[in-house]
Q: 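Dropping the structure in here first, questions after.
Since this is a predicted model, take the numbers as computed values, not measurements. Just so it is clear, the values below take in all heavy atoms, side chains as well, and ignore hydrogens, waters and symmetry mates. Position 1 is the first residue of the sequence, and the numbers go up from there.
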Amino acid sequence: MHKYIKLGREEKLHYLEFGNGKPLVLVPSLWVTSKSYVTLGQELAKYYKVFIPDVFRGNSVFSKEARNIEDYVTKLVQFINSLNLKNYYLIGVSLSGIVVKKYILNYSHKPKRVFLVSTTVLPLNIERQKLTLFWGYLKLLYHNLFSMKGIAIDLMWIIDGLGSAKKHFRQAINEGSIAASLVIDNIKSLPVPTKLLFARYDEFIPLESVKRLLKIKNLEVEIVKEYHGWFFGREEELARRVIKFFK
């Protein structure tokens, strides 16, 4: 169900809502919107009341573009507080996983548990981050070209991303710049139980990161023999993993 929540005089945040039960907030990843997460939201809605907010994207209306990760965190805080969510769960994917990490570190109204997919909570230590982002997206799209399902997923991403960029062109450019110049703080622990599904063949995050991630307290890391966006088209499988960890 499409809904809006007012965050200010000139701002409203669009979000999708599914199901009933304990609240779960799923934050979309780089450039795509809640539209690309409908199937996953519906799978999770069998057990939870799912909210998928379009923070600085899609059908949302905002007066200023985001310039850094902190701007995304601020809107996420406003969204969660405006809905007065209690005993909720939080999911971050790719770039939104970094937003979620900063959120749980800096704000007192924390979720019960966090699930992260194809992301990191530590610095990437990549010298040419912009090149890695560009080349990674080419590989991400390429890996889907060998099946009709994969091609359909590529088209979904492209159509969704271009539709959002058409409405918020400068923000789409800003978001790419943010992703290409991330500065991630070192941490030793996380404040809530967190699970990270790490893709062994991730196009953006080097496998060597896992050794450092395993040292983070309160973080469970599971390596899957997949690519960065493996769960699109396999939403039921990802939902099962999320539900098992959140129970």
Side-chain angles (χ1 to χ4, degrees), residues 24 26-32 36-44 46-47 89-101 113-129 131-158 160-161 179-180 182 184 187 190 193-247:
L24 183 157
L26 166 60
V27 188
S29 52
L30 179 65
W31 282 322
V32 295
S36 291
Y37 287 85
V38 167
T39 302
L40 179 57
Q42 290 172 336
E43 287 294 331
L44 292 169
K46 296 174 183 178
Y47 296 86
Y89 300 97
L90 192 53
I91 299 177
V93 181
S94 190
L95 183 65
S96 75
I98 297 166
V99 174
V100 166
K101 171 216 168 179
R113 290 193 166 216
V114 169
F115 201 100
L116 304 175
V117 186
S118 298
T119 189
T120 181
V121 297
L122 290 175
L124 290 172
N125 295 337
I126 297 174
E127 292 184 2
R128 300 180 179 178
Q129 209 159 292
L131 182 61
T132 299
L133 180 66
F134 175 75
W135 184 240
Y137 262 95
L138 290 181
K139 291 190 288 184
L140 184 68
L141 295 171
Y142 172 78
H143 289 144
N144 280 337
L145 294 179
F146 301 97
S147 70
M148 293 304 296
K149 179 186 286 187
I151 292 171
I153 291 169
D154 277 354
L155 288 174
M156 177 183 71
W157 289 338
I158 292 169
D160 186 16
L182 282 172
I184 305 173
I187 59 169
L190 291 167
T194 302
K195 180 164 184 175
L196 168 59
L197 275 186
F198 188 96
R200 178 180 292 274
Y201 310 114
D202 199 291
E203 294 90 341
F204 305 95
I205 307 171
L207 182 60
E208 64 189 33
S209 300
V210 173
K211 291 180 180 179
R212 294 184 293 122
L213 289 167
L214 291 172
K215 297 178 181 179
I216 304 299
K217 294 180 181 178
N218 229 10
L219 176 65
E220 175 185 337
V221 181
E222 180 181 350
I223 302 174
V224 292
K225 295 180 179 180
E226 305 290 352
Y227 295 106
H228 188 81
W230 65 271
F231 53 91
F232 286 96
R234 294 163 60 183
E235 285 88 352
E236 184 178 356
E237 179 182 341
L238 177 56
R240 285 200 305 269
R241 292 172 182 263
V242 171
I243 293 160
K244 183 179 179 181
F245 181 69
F246 283 169
K247 276 188 176 178

Q: Centre-to-centre under 6.0 Å for Tyr227 and Phe204, is that the case here?
A: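 Ring-ring flag for Tyr227/Phe204: false, centres at least 6.0 Å apart.
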Q: Among pairs that include at least one residue of residues 143-154, which meet side-chain hydrogen bond (donor to acceptor under 3.5 Å, both in side chains), considering only residues two or more places apart or in two chains?
A: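 Listed by first then second residue: His143-Glu203, Asn144-Asp154.
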Q: For the residue pair Leu207 and Phe198, establish whether any side-chain heavy-atom pair is separated by less than 4.5 Å.
A: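 Contact flag for Leu207/Phe198 side chains = yes.
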Q: Between Ser36 and Asp160, which heavy-atom pair has the shortest distance, and what is it?
A: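 Nearest heavy atoms, Ser36 then Asp160: OG-OD2, 2.6 Å.
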Q: Quick check for you: to the nearest 0.5 Å, what is the distance between Ile126 atom CD1 and Arg128 atom CZ?
A: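 It comes to 12.5 Å.
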Q: Is there a donor-acceptor pair closer than 3.5 Å between any side-chain N or O of Glu237 and the backbone N or O of Glu235?
A: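 Pair absent, no side-chain N/O of Glu237 close to backbone of Glu235.
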Q: Quick check: closest heavy atoms across His228 and Ser118, and the distance to 0.1 Å?
A: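 In terms of heavy atoms, the two residues are closest at O-OG, 2.7 Å.
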Q: Around atom OH of Tyr137, are there more than 12 heavy atoms from other residues, nucleotides or ligands closer than 6.0 Å?
A: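 Enclosed: over 12 neighbouring heavy atoms sit under 6.0 Å from OH of Tyr137.
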Q: For the atom pair CG (Leu116) and OG (Ser94), what is the distance rounded to the nearest 0.5 Å?
A: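 The OG atom of Ser94 is 11.0 Å from CG of Leu116, to the nearest 0.5 Å.
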Q: Do the side chains of Thr119 and Val100 get nearer than 4.5 Å, heavy atoms only?
A: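 No, their side chains stay 4.5 Å or more apart.
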Q: Does any part of the side chain of Trp230, heavy atoms only, come nearer than 4.5 Å to the side chain of Arg200, both counted from C-beta?
A: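 Result no, sub-4.5 Å side-chain heavy-atom pair not found.
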Q: To check you understand the geometry: which heavy-atom pair defines the closest contact between Tyr37 and Ser29, and what is its length?
A: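 Smallest heavy-atom distance, with atoms named: OH-OG, 2.6 Å.
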Q: Quick one: salt bridge (charged side-chain N to carboxylate O under 4.0 Å, His left out) partners of Glu222, sequence neighbours excluded?
A: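 In terms of salt bridge (charged side-chain N to carboxylate O under 4.0 Å, His left out), with neighbours along the sequence ignored, Glu222 is linked to Lys195, Arg241.
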Q: Any side-chain heavy-atom pair from Leu44 and Ile91 closer than 4.5 angstrom?
A: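 Sidechains of Ile91 and Leu44: in contact.
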Q: If I take atom CG from residue Leu196 and atom CG from residue Leu190, how far apart are they, to the nearest 0.5 angstrom?
A: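 Separation between the atoms: 9.5 Å.
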Q: Using a 4.5 Å cut-off on heavy atoms from C-beta on, say whether the side chain of Val117 contacts that of Leu238.
A: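 In short, these two side chains touch, coming nearer than 4.5 Å.
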Q: Checking Val93 against Phe231 for the side chain to side chain contact (heavy atoms under 4.5 Å, CB included) test, could you report, in this order, the C-alpha distance in whole Å, the side-chain angles of both residues, the deciding distance, and whether it holds?
A: CA-CA 11 Å; Val93 181; Phe231 53 91; 3.4 Å; yes
Q: Which residue pairs pass the salt bridge (Lys or Arg N to Asp or Glu O under 4.0 Å) test when at least one of the two sits in residues 204-218, sequence neighbours left out?
A: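 The answer is none; no pair qualifies.
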Q: Find the distance between CZ (Phe246) and CZ (Phe115) and round it off to the nearest 0.5 Å.
A: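 One gets 7.0 Å once the value is rounded to the nearest 0.5 Å.
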Q: Indicate yes or no: at least one non-hydrogen side-chain atom of Leu122 is less than 4.5 angstrom from one of Ile187.
A: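 Yes - at least one pair of side-chain heavy atoms lies under 4.5 Å apart.
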Q: Is any side-chain heavy atom of Lys101 closer than 4.5 Å to a side-chain heavy atom of Ile184?
A: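 Counting from C-beta outward, Lys101 and Ile184 do come under 4.5 Å.
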Q: Got a second to check how far Ile205's CD1 is from Leu124's CG, nearest 0.5 Å?
A: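 Atom-to-atom, Ile205:CD1 and Leu124:CG are 6.0 Å apart.
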Q: Atom CG in Leu133, atom CG in Leu30: separation rounded to 0.5 Å?
A: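 So the CG of Leu133 and the CG of Leu30 are separated by 6.5 Å.
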Q: Can you name the nearest heavy-atom pair linking Ser96 to Val27, along with the distance?
A: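 Looking at all heavy atoms of both residues, the closest pair is OG-O, 2.7 Å.
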Q: Side chains of Trp157 and Leu141: closer than 4.5 Å at any heavy-atom pair?
A: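 The answer is yes, as the side chains (C-beta and beyond) meet within the 4.5 Å cut-off.
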